[in-house]
Amino acid sequence: MSKYFTGSYIVTIVGLILAYFWGEHVHVSSGLSCVFIALVLSILEVSLSFDNAVVNASRLEKMSPKWQHRFLTWGILIAVFGMRFLFPILVVSIFANVGLVEVANMALTDADKYAHYLHISHPPIITFGGTFLMMLFFSYFFNPEKKVHWLGIIEHKLVSLGDFKGIQIVLTLFALFVMQNFLTQDIRHEVVIAGIWGIIIYLLIDGFTHMLEKRSENTNCSVKITNSGLKSSCFAGFLYLELIDASFSLDGVLGAFALSKDILIITIGLSIGAMFVRSLTIMLVEKKTLNEYIYLEQGAHWAIGALSFIMLYSAIHEVPEVITGLLGLGFIVAAFISSLIHNKNQSRL
């Protein structure tokens with residue numbers, strides 16, 4: 001068990017030391033409080049992203065060991081510096097029409113002003129992530145090739161709807177249409193555009209991934225070409241996982257500002273949590289946990305569906321992160337218990 005989390009423990013120790021010294025640098029005697037906030041944020045990130053680990057594991061087990069390692073190394077750098085630090089700065093720069101350098105300086109020196117701009121940008125950001133995850137949710141349950149069903153009657157009906165080509169796009173657009181009716185006129189246009197981009201990005205990445213996977217499966221050429229196809233497929237899968245992780249992290253990044261306005265403390269806390277989630281993902285893959293507990297993947301996707309609807313709703317009204325975390329955890333625990341019951345019944349046969 002410990003071998004999977006060694007890197008996470010190292011990141012935690014280094015992160016908390018940095019949080020302490022940064023806190024002392026910003027305000028004398030605030031080092032320990034910054035350490036505490038970073039710990040709380042890391043726990044929040046893990047609780048919000050456990051379903052993300054299960055979904056990532058289902059994708060990652062199809063990739064080569066080299067790309068699984070890259071997911072833990074390259075991927076964590078993208079997750080830390082990309083989504084937890086650079087992305088919020090980039091978003092504020094775009095929506096506030098302020099230079100990137102100026103926003104970065106604002107984030108480090110005027111946290112209240114930066115948090116204000118980020119709060120204004122909340123609806124389009126969260127809508128983008130919501131529609132992306134909603135597409136993921138619908139595409140999973142409408143897949144005619146899906147054989148394992150946790151909530152039997154419901155999931156059987158959903159699979160049958162998969163014969164309707166593009167049904168997931170129609171339903172996601174309908175949810176976006178309903179949601180935008182409750183928005184004020186001044187942000188409605190930006191939110192709708194962001195939601196449509198969430199759908200487009202999902203379709204592009206999913207289509208690209210399927211194309212490369214099919215090409216690597218169908219090629220009968222030399223080993224060199226086959227390996228090249230496999231590498232391309234793994235790279236597309238890696239990119240897909242990073243976008244899923246990014247969508248999951250949106251609510252955590254935005255919600256973190258309720259605990260702290262300091263972007264560096266937020267980045268440290270969420271990064272520690274993200275590292276544990278990725279270590280957990282690798283453990284699930286290597287221990288074949290999804291094969292042993294067959295309903296975990298279904299439970300995780302139901303959690304994704306709930307999260308996507310909550311994200312769209314939170315563009316209208318704020319939703320506490322504790323509700324999001326508990327709801328997702330509830331689906332995972334229920335799926336785990338159902339898997340245990342299934343395994344027990346199978347052993348009796």
Side-chain angles (χ1 to χ4, degrees), residues 51-52 54-56 58-59 62 123-183 188-218 232-233 235-248 250-251 297-316 328 331:
D51 45 356
N52 187 14
V54 176
V55 173
N56 284 349
S58 67
R59 297 269 177 180
K62 301 173 185 176
I125 296 172
I126 212 72
T127 302
F128 172 86
T131 55
F132 183 92
L133 291 179
M134 192 172 287
M135 287 291 294
L136 175 62
F137 166 70
F138 284 138
S139 296
Y140 177 80
F141 285 108
F142 291 155
N143 183 4
E145 297 179 5
K146 182 175 176 290
K147 303 301 181 186
V148 178
H149 305 300
W150 174 35
L151 305 179
I153 298 175
I154 299 174
E155 293 185 20
H156 273 294
K157 292 289 185 183
L158 292 176
V159 167
S160 65
L161 287 174
D163 294 331
F164 188 119
K165 199 72 172 174
I167 183 66
Q168 65 268 41
I169 303 173
V170 174
L171 291 176
T172 305
L173 284 173
F174 178 74
L176 181 63
F177 172 76
V178 172
M179 182 267 284
Q180 62 90 31
N181 284 303
F182 297 93
L183 298 170
R188 184 176 298 167
H189 176 73
E190 291 177 346
V191 168
V192 170
I193 294 300
I196 291 173
W197 269 111
I199 297 171
I200 292 172
I201 294 298
Y202 176 84
L203 290 172
L204 286 174
I205 297 299
D206 189 56
F208 184 56
T209 303
H210 281 298
M211 180 188 74
L212 291 177
E213 285 178 349
K214 202 157 192 177
R215 184 174 295 176
S216 64
E217 288 172 3
N218 292 340
S232 299
S233 177
F235 173 73
F238 174 82
L239 184 61
Y240 192 39
L241 284 175
E242 290 305 317
L243 279 170
I244 292 174
D245 178 71
S247 298
F248 268 100
L250 288 177
D251 58 335
E297 188 176 350
Q298 280 76 13
H301 280 86
W302 278 111
I304 287 175
L307 176 60
S308 66
F309 281 101
I310 288 174
M311 289 175 79
L312 292 186
Y313 180 77
S314 68
I316 308 167
F331 277 111

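For the numbers below, each heavy atom of this structure counts, side chains included, while hydrogens, waters and symmetry mates do not.
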Please name the pair of heavy atoms, one in [X] and one in [Y], separated by the smallest distance, quoted to 0.1 Å.
X	Y	answer
Ile169	Met135	CG1-CE, 3.8 Å
Met311	Leu133	SD-CD1, 3.8 Å
Gly130	Ser308	O-CB, 3.4 Å
Val159	Pro144	CG1-CA, 3.9 Å
Ala175	Leu312	CB-CD1, 4.1 Å
Leu158	Phe142	O-CD2, 3.0 Å

With [X], which residues qualify under side-chain contact (heavy atoms from CB on, under 4.5 Å), at least two apart?
X	answer
Tyr140	Lys146, Glu297, Gln298, His301
Glu242	Phe71, Ile78, Phe238, Arg278
Phe177	Gln180, Asn181

How about Met179 and Tyr313: do any of their side-chain heavy atoms sit closer than 4.5 Å?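 No, too far: nothing below the 4.5 Å cut-off.
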Which is it for Trp302 and Ile154 under the side chain to side chain contact (heavy atoms under 4.5 Å, CB included) test, yes or no, and what are the steps along the way? CA-CA 11 Å; Trp302 278 111; Ile154 299 174; 3.8 Å; yes
For His156, enumerate each residue passing the ring pair (Phe, Tyr, Trp, His ring centres under 6.0 Å) test, keeping only those at least two apart in sequence or located in another chain.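 For His156, the residues satisfying ring pair (Phe, Tyr, Trp, His ring centres under 6.0 Å) (neighbours in sequence not counted) are His149.
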Spacing of [atom1] belonging to [X] relative to [atom2] belonging to [Y], to within rounding of 0.5 Å:
X	Y	atom1	atom2	value
Phe331	Leu151	CZ	CG	8.0 Å
Leu171	Leu176	CG	CG	12.5 Å
Asn52	Ile304	CG	CD1	7.0 Å
Thr172	Leu203	OG1	CG	9.0 Å

Between Glu155 and Trp150 (side chain of the first, backbone of the second, donor and acceptor by atom type, cut-off under 3.5 Å), is there such a pair?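 Present.
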Side chain Ser58, main chain Val55, donor-acceptor under 3.5 Å: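 Such a contact is found between Ser58 side chain and Val55 backbone.
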Checking Asp206 now: which residues fulfil side-chain hydrogen bond (donor to acceptor under 3.5 Å, both in side chains) with it, not counting sequence neighbours?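 Result, side-chain hydrogen bond (donor to acceptor under 3.5 Å, both in side chains) vs Asp206: His210.
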For residues 192-202, dump all side-chain donor-acceptor pairs below 3.5 Å to protein atoms at least two apart in sequence or in another chain.
residue: Tyr202; atom: OH; partner: Ser139; partner atom: OG; Å: 3.3
residue: Tyr202; atom: OH; partner: Tyr240; partner atom: OH; Å: 3.2

Measure up the Phe137 and Phe141 rings against each other and bin them: parallel (under 30°), tilted (30 to 60°), perpendicular (over 60°).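 Rings of Phe137 and Phe141: perpendicular, over 60°.
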